[in-house]
Amino acid sequence: MFSTKTLSINNLILARVSAHVRNVSSARMFSDNTHKEHKGKYDVIIAGGGMVGCTLACAMGKNSLLSNLKVLLLEGSADKKFVLTQEYSNRVVALSQNTKSLMSSLDVWQNVENMRQQPVRYMQVWDACSEAFISFSSSDIMDDDVAYIVENDVLMEAINTELKSSTVRNVDIVYGAKIEGYELSKAGANIEKKRNLVKMENGDSYICDLLIGADGANSKVREAMGVQYISWNYDQMGIVATLHLAEESENTTAWQRFLPTGPVALLPLDSKRSSLVWSMTKAQSKELLSLPEESFVDALNDALWKEYPRSSAVDACVSWVGSVLKQVGLPDGAQRQLPPSVRAIAPGSRAAFPLGFGHSTKYVAPGVALIGDAAHRVHPLAGQGVNLGFGDIKDLTQFLSDALYTGLDLTHSSSLEKYESSRQRHNVPTQLAVDALYRLYGQELPPFVLARSVGLQITNALHPIKRLLMSHATT
Ligand SMILES: Cc1cc2nc3c(=O)[nH]c(=O)nc-3n(C[C@H](O)[C@H](O)[C@H](O)COP(=O)(O)OP(=O)(O)OC[C@H]3O[C@@H](n4cnc5c(N)ncnc54)[C@H](O)[C@@H]3O)c2cc1C
């Protein structure tokens with residue numbers, strides 16, 4: 001039953017949205033006369049249909065206010081036909097609870113579950129240079145799963161199934177659409193100059209009011225905005241592979257060991273398989289990729305199990321801190337668990353990806369916004385990259401629909417600026433924390449090992465801090 005109040009609010013919203021749509025269509029008629037060469041005019045163009053761009057398109061189709069906008073998604077690669085096989089893909093992502101909520105709200109999560117995902121119920125991170133470790137379990141996250149491991153291809157298929165379903169009616173998609181460049185709108189310009197021009201490699205062009213750059217770390221949208229981009233390469237590669245474990249188990253634990261050369265992580269896929277993300281220098285990755293598969297497995301088991309040289313002074317301090325924590329009633333959590341051994345890798349599943357850091361100092365410009373890796377890039381050691389991108393979508397769609405609801409223009413600077421400040425407040429500290437962890441764990445000198453080991457022990461013992469960390473990582 002709807003109350004009169006609800007009905008009148010709904011009428012108000014409808015009136016505002018139709019006013020906006022009327023503005024949009026009169027603008028279209030105007031530009032029809034002046035831009036005959038354009039292939040299409042859209043309210044929103046999303047440049048880049050990776051995991052983040054496709055999810056934004058889906059969210060714009062399912063939001064009651066934004067679904068009145070005409071949206072175009074341009075993706076440079078071809079539309080791939082996905083077939084779920086017994087083999088797992090070597091590219092996976094660890095998705096947070098917040099990402100799961102977003103995907104559930106878009107009906108995407110049920111598609112993921114209809115294919116496959118593996119919950120992570122326990123996570124252990126430990127240091128190869130000391131006894132220190134930290135663990136996270138469901139109890140640290142309101143009795144829910146710590147994360148979910150999903151293949152990139154499965155997630156893309158789940159998103160695309162919704163995007164192409166009859167529930168999304170306002171999104172046009174062009175695959176194989178390579179964007180050559182942009183002419184961006186100018187603040188305070190007349191209505192025509194307020195539009196963004198998107199120029200395609202094949203000579204086509206499109207115009208739009210709002211351009212969203214979801215075109216990844218080498219974003220051309222960001223380049224066209226002319227904003228400062230702070231970036232560096234870690235001179236590291238992340239080797240990925242699908243692993244067959246020596247023993248079958250429930251396998252809901254994610255393992256990460258910090259080696260002086262970089263972290264090695266095993267993410268669970270099913271009872272006998274896990275996915276590998278192993279960071280190391282470019283030279284080491286070249287050598288490991290050239291090894292026969294059996295020797296690679298030996299090297300990996302070494303990385304998980306080998307005893308590294310230790311400082312006896314650090315060991316003594318770590319053990320003293322452990323006993324002090326016990327005495328004050330803060331035992332440092334559960335016992336350290338032993339990781340699984342790897343039996344084999346799925347043939348041909350090894351691959352390596354360059355790792356880097358990137359921060360765009362501005363996420364927005366007049367009529368333009370960046371999301372996902374186009375705005376920020378992080379080392380995968382904390383499994384945050386795409387989760388930050390999905391957080392961008394949640395906030396951007398919220399601020400855009402708030403703007404329409406209050407009768408503002410879609411590209412009104414106040415909503416774009418709100419988006420930028422809300423996301424930078426979350427993303428920048430996360431990126432800096434991940435970078436600091438990477439640097440701290442790259443050190444073998446005893447004072448650094450001691451500092452990080454004691455830090456890890458205390459964090460592990462203090463549940464409120466652990467919860468705080470988890471809640472930041474999942475929002
Ligand atoms: C080894 C590794 C492990 C990772 N693990 C995790 C993890 O566990 N959890 C996590 O959250 N993140 C993880 N990440 C990070 C995650 O993969 C990225 O954050 C994510 O892929 C970014 O998605 P995106 O859609 O923003 O960008 P992209 O995936 O780069 O997509 C950009 C899209 O834009 C298109 N495009 C680009 N330029 C053009 C153009 N000119 N014209 C047309 N189209 C264009 C591209 O074809 C592409 O489809 C990992 C990364 C690596 C390397």
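Both ligands and their constituent atoms are indexed starting at 1 by order of listing. For the numbers below, each heavy atom of this structure counts, side chains included, while hydrogens, waters and symmetry mates do not. None of the values given here were measured: they were computed from a predicted structure.
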* Asked: Nearest non-hydrogen atom to atom 42 (N) of ligand 1 belongs to which of Val378, Leu73, Val221, Ile179?
  -> Ile179
* Asked: For ligand 1, which atoms have a heavy atom of Gly383 less than 4.0 angstrom away?
  -> 7 (C), 8 (O), 9 (N), 10 (C), 11 (O)
* Lys286 atom NZ, neighbour heavy-atom count above 12 within 6.0 Å -> no
* Record the part of Ala177 in heavy-atom contact with ligand 1 below 4.0 Å; permitted values are side chain, backbone, both and neither. => backbone
* Looking at Gly216, which atoms of ligand 1 are within less than 4.0 Å of one of its heavy atoms? -> 27 (O), 30 (O), 32 (C)
* Asked: Under the 6.0 Å and 45° cation-pi test, does Arg116 pair with Tyr88?
  -> yes
* Pairwise distance SG(Cys208) to CG(Leu69) - rounded to 0.5 angstrom -> 11.5 Å
* **Residue that, paired with Ser274, satisfies side chain to side chain donor-acceptor pair (under 3.5 Å) out of Thr242, Asn251, Thr253** => Asn251
* **Test of proximity, Asp373 against ligand 1: N or O pairs below 3.5 Å** => yes
* Short N/O distance, under 3.5 Å, between Pro354 and ligand 1? -> no
* Taking atom 48 (C) of ligand 1 as the reference point, the nearest protein heavy atom with its distance -> Glu75 OE1, 3.6 Å
* Asked: What is the nearest protein non-hydrogen atom to atom 37 (C) of ligand 1, stated with its residue, atom name and distance?
  -> Asp215 O, 3.4 Å
* More than 12 heavy atoms of other residues, nucleotides or ligands under 6.0 Å from CG of Asp302: is that the case? -> yes
* Asked: Could an N or O of ligand 1 be found under 3.5 Å from any N or O of Asn387, whether backbone or side chain?
  -> yes
* Considering only protein heavy atoms, which is closest to atom 11 (O) of ligand 1, and at what distance to one decimal place? -> Val386 N, 2.8 Å
* ring pair (Phe, Tyr, Trp, His ring centres under 6.0 Å) with Tyr438: which of Tyr234, Phe258, Trp232? -> Tyr234
* Asked: Of the listed options (Lys178, Arg377, Arg91), which comes nearest to atom 52 (C) of ligand 1 when hydrogens are ignored and any heavy atom counts?
  -> Arg91
* To do: Assess Glu180 for proximity to ligand 1: is some non-hydrogen atom of it under 4.0 Å away?
  => no
* To do: Would you confirm whether any non-hydrogen atom of the protein falls under 4.0 Å from atom 19 (O) of ligand 1?
  => yes
* To do: State whether Phe296 and Arg350 meet the cation-pi test: NZ (Lys) or CZ (Arg) under 6.0 Å from the six-membered ring centroid, and within 45° of the perpendicular axis.
  => yes
* To do: Provide, to 0.1 Å, the distance between atom 3 (C) of ligand 1 and the closest protein heavy atom, together with that atom's residue and name.
  => Pro380 CB, 3.7 Å
* Do Lys306 and Tyr308 meet the cation-pi criteria used here (NZ or CZ under 6.0 Å from the six-membered ring centre, within 45° of the axis)? -> yes
* Structure fact -> the protein heavy atom lying closest to atom 1 (C) of ligand 1 turns out to be Val240 CG1, 3.8 Å
* Asked: In terms of atom number and element, which parts of ligand 1 are under 4.0 angstrom from non-hydrogen atoms of Gly50?
  -> 25 (O), 31 (O), 33 (C), 49 (O)
* To do: Number the atoms of ligand 1 from 1 as they appear, then name those within less than 4.0 Å of a heavy atom of Val93, with their elements.
  => 6 (C), 7 (C), 8 (O), 9 (N), 10 (C), 12 (N), 13 (C)
* Could you point out which residue of Glu417, His412, Lys418 forms a side chain to side chain donor-acceptor pair (under 3.5 Å) with Ser414? => His412
* Hey, does Ala217 come in under 3.5 Å of ligand 1, counting only N/O atoms on both sides? -> no
* Is it true that Asp145 and Lys100 have a side-chain N and a carboxylate O under 4.0 angstrom from each other? -> no
* **Top protein contact for atom 23 (O) of ligand 1, by heavy-atom distance** => Val52 CG2, 3.9 Å
* To do: Check ligand 1 against Gly372 and write out every atom of the ligand that is under 4.0 Å from a heavy-atom position of the residue.
  => 26 (O)
* Asked: Which ligand 1 atoms does Gly385 reach within 4.0 Å, using its non-hydrogen atoms?
  -> 10 (C), 11 (O), 12 (N), 19 (O)
* More than 12 foreign heavy atoms under 6.0 Å from NZ of Lys164: is that the case here? -> yes
* Among all protein non-hydrogen atoms, which one is nearest to atom 21 (O) of ligand 1, and what is the separation to 0.1 Å? -> Met51 CE, 3.5 Å
* Report yes or no: is the cationic atom of Lys70 (NZ for Lys, CZ for Arg) under 6.0 Å from the centre of the six-membered ring of Tyr42, at an angle within 45° of the ring normal? => yes
* Do Arg91 and Phe353 meet the cation-pi criteria used here (NZ or CZ under 6.0 Å from the six-membered ring centre, within 45° of the axis)? -> yes
* Asked: Where the closest heavy atom to atom 32 (C) of ligand 1 is concerned, which of Ser275, Gly76, Ala214, Gly48 has it?
  -> Ala214
* Asked: Do other residues, nucleotides or ligands put more than 12 heavy atoms under 6.0 Å from the CD atom of Gln443?
  -> yes
* Please work out whether any backbone atom (N, CA, C, O) or any side-chain heavy atom from C-beta onward of Ala94 is under 4.0 Å from ligand 1, and answer side chain, backbone, both or neither. => both
